[in-house]
Amino acid sequence: MACSVEAKGIEAMEEKSDILAQRRAKLDELRNEGINPFANDFRATHTAAEVHAAHTDHDAEALADCGAHYALAGRIMARRDFGKAAFLQLQDRGGRCQVYVAQEQLGEDAFALYRKLDIGDIVGVTGTPFRTKTGELSLRAASLQLLTKSILPLPEKWHGLTDVETRYRQRYLDLMVNPEVREVFKKRSRIVSAIRDYMVAHDFHEVETPMMQPIAGGATARPFVTHHNALDMTLYLRIAPELYLKRLVVGGFDRVFEINRNFRNEGISIRHNPEFTMMEFYQAYATYEDLMNFTEKLICHVAQEVLGTLMISYGGQPVDLTPPWDRLTVREAIVKYGKVDPAVLDDHAALLQVAKKLEIDVEPTIGHGKLLLEVFEAVAEPHLWQPTFITQYPTEVSPLSRKNDADPEIVDRFELYIVGRELANAFSELNDPIDQKERFLAQLAEKEAGDEEAHAMDEDYIRALEYGLPPTAGEGIGIDRLVMLLTDSASIRDVILFPQLRPEKQ
RNA sequence: GAGCCGGUAGCUCAGUCGGUAGAGCAUCUGACUUUUAAUCAGAUGGUCGUGGGUUCGAUCCCCCCCCGGCUCACCA
């Protein structure tokens, strides 16, 4: 018995020293005093940003006379106590506002409550604006109410939260204490809105197509596999919406777009997350050349709208988005950046030698088109820092693109590169059902030969083409990568709120 | 999947050529009615990522594993 009493004593001591336990004890104390630590009867009239905006030009005298009265709600991010008065930083969705709490204004009871509050608590404050000695616009609290008690301590006020793992796992904390992170995600939202507005303004119709597909088509990538119990069937998370969107063009939606997630069961890197956001859009009676012009205008519109400039910087290097952007063919890019003799580009054996010299790992049986693309990616891609359209892709690597009328070895396709990264991929769509079926069959042969990423046969898509897909051009724009570019973010995880991580160890 | 780097208090970090650890901030107690990382005095706080090995003794050395970052591979 004596033993258990002693154990209890130790437990109590440990509890007293533990911040979580201290905060829990405060919770109980507040409840015992009849205060609801999770009240929901406060209505803010303004945000911190609105208060600042209303009084930017007001000096102390003007403020005293303005007669304004505000109710703000937010989280206490900092406090500086001076006995019977204190300053605190209140943070809401619009920013921060300093609040001056003094026993003189609040009264003894309310001030006693204030003293029980902690950094991290969410409160409602009413009061009048004034300027402190140092000129900071502040709210003189007339009343203070606890709205939500926080029982975990916030990261440090000066260094903040820098541990990358914690920032990704506990994004709520990251957003709470790192204002620049909040800005990135606000910007992301504005970018998506600007894109959507631009598309709608150009008569595109927004749609949503299946994320769970019986055939994962529209791209070459390994899919995630799942199972529907009631239908007892295998389903794939989509790797692209392409084939569904084109079905809609067949159906008469001449201009469609979708901004949504794709899922690809592949490696994770600074540029790849298993789920990522793409905008795909299709325009009937247009060609890939029309889309190049459109893409320039779209991205410039977004940059101008969100950043107010076309001269941006990424990773410390300038990027000039001013149109017109450079246009190079795959071959021209290889010659320009790889210092490769143009004659070699048509000589398979010689090009294989070039690839070998570049230490590109290629199968000896590789097709010429694939080989060209491999060499292009090795020698040219890293140099494409300023916005550049690359055209004339080999037919072999473009199973859904329309062949060029003059040269069937290439297709009417472009990819857009900025800061050495592929940002968009577009082509005039293949709308000949017989040609499409043959390309699917060729892909099928590759699949049987062991290529896991080869495109699957989609009979219904062929059927749709047999009804007639008007001449159409389509494009996919990687939204995450565009956001990375426009927010100067080094990692895709910095523009995805909850990037994929392994589960936290318990 | 491979290579390199990292994991120490709530947060940001230091440290121990092997003798069970420190600082700042946060927290607690006290002082303080215009601060701006407020200040001053005192105090609490750690299974040093997990498991094993070597050793009289491991947070430190060795091995396995877990988690993360970067590079590469796959890809957008």
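Residue numbering restarts at 1 for every chain, and letters A, B, ... go by the order of the sequence lines.
- Looking at heavy-atom distances under 4.0 Å, Q98(A) makes contact with a base.
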Between W325(A) and Q386(A), does a side-chain contact (heavy atoms from CB on, under 4.5 Å) hold up when you go through it step by step?
CA-CA 8 Å; W325(A) 296 345; Q386(A) 300 300 330; over 6 Å; no
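- Note on Y417(A): nothing from the nucleic acid sits closer than 4.0 angstrom, heavy atoms only.
- Note on L152(A): nothing from the nucleic acid sits closer than 4.0 angstrom, heavy atoms only.
- Of the residues R79(A), K116(A), K149(A), the one that meets the side chain to side chain donor-acceptor pair (under 3.5 Å) test with D121(A) is K149(A).
- In this structure, E422(A) reaches the sugar-phosphate backbone alone: every heavy-atom distance under 4.0 Å involves primed, P, OP1 or OP2 atoms, never a base.
- The residue R493(A) sits close only to the backbone: its heavy atoms come under 4.0 Å of sugar-phosphate atoms, none of a base.
- Figure legend. C17(B) is base-paired to no nucleotide; pairs are counted as Watson-Crick or G-U wobble with both atom distances under 3.5 Å.
- Side-chain atoms of Q98(A) and S138(A) form a donor-acceptor pair, as typed in the model, at a separation below 3.5 Å.
- Using cut-offs of 30° and 60° on the angle between ring planes, the pair F376(A) and Y417(A) is perpendicular.
- Spacing of C1' atoms, U8(B) relative to C32(B), comes out at 36 Å, to the nearest Å.
- Between T132(A) and U35(B) there is no side-chain polar atom (N or O) within less than 4.0 angstrom of OP1 or OP2.
- A donor-acceptor contact closer than 3.5 angstrom is absent between the side chains of Q213(A) and R238(A).
- Within the 4.0 angstrom heavy-atom criterion, base atoms lie near N273(A).
- As judged by a 4.0 angstrom heavy-atom cut-off over every strand, L501(A) is placed among residues touching the sugar-phosphate backbone only.
- Along RNA chain B, the nucleotide nearest I119(A) and the nucleotide nearest R264(A) are compared for position; the residue whose nucleotide lies closer to the 5' end is I119(A).
- Counted by atom type alone, T209(A) and E258(A) present one or more donor-acceptor pairs between their side chains at under 3.5 Å.
- Nucleic acid contact class of N425(A) (heavy atoms, under 4.0 Å, all strands): none.
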Could you list, one pair per line, each protein nitrogen or oxygen that sits under 3.5 Å from a nitrogen or oxygen of nucleotides 37-41 of chain B, together with the distance?
unit_1	atom_1	unit_2	atom_2	d
A37(B)	O3'	K157(A)	NZ	3.2
A38(B)	OP1	K157(A)	NZ	2.5
A38(B)	OP2	R80(A)	NH1	2.6
A38(B)	N6	D81(A)	O	2.9

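- Within the 4.0 angstrom heavy-atom criterion, base atoms lie near R271(A).
- Atom C1' of G15(B) sits at a distance of 24 Å from the matching atom of C67(B), rounded to the whole Å.
- Nucleotide U35(B) forms a pair with no other nucleotide shown, judged by Watson-Crick or G-U wobble geometry with both contacts under 3.5 Å.
- Taking atom C1' in both A21(B) and U47(B), one finds a spacing of 14 Å when rounded to whole Å.
- Taking 4.0 angstrom as the limit, R502(A) places a side-chain polar atom (N or O) nearer than this to OP1 or OP2 of G68(B).
- Taking for each of G160(A) and K26(A) the nucleotide of RNA chain B with the nearest heavy atom, the 5'-most of the two is the partner of G160(A).
- Figure legend. G30(B) is base-paired to C40(B); pairs are counted as Watson-Crick or G-U wobble with both atom distances under 3.5 Å.
- Taking atom C1' in both G52(B) and A9(B), one finds a spacing of 27 Å when rounded to whole Å.
- Nucleotides A43(B) and U50(B), compared at atom P, are 30 Å apart to the nearest Å.
- Side-chain atoms of Y100(A) and base atoms of U35(B) include no donor and acceptor less than 3.5 Å apart.
- Between the side chains of D163(A) and Y168(A), no donor-acceptor pair is found at a separation under 3.5 Å.
- Side-chain contact check for K246(A) and Y282(A): no donor-acceptor pair (N or O, by modelled atom type) lies under 3.5 Å.
- Counting any heavy atom pair closer than 4.0 Å across all strands shown, G478(A) reaches no nucleic acid atom.
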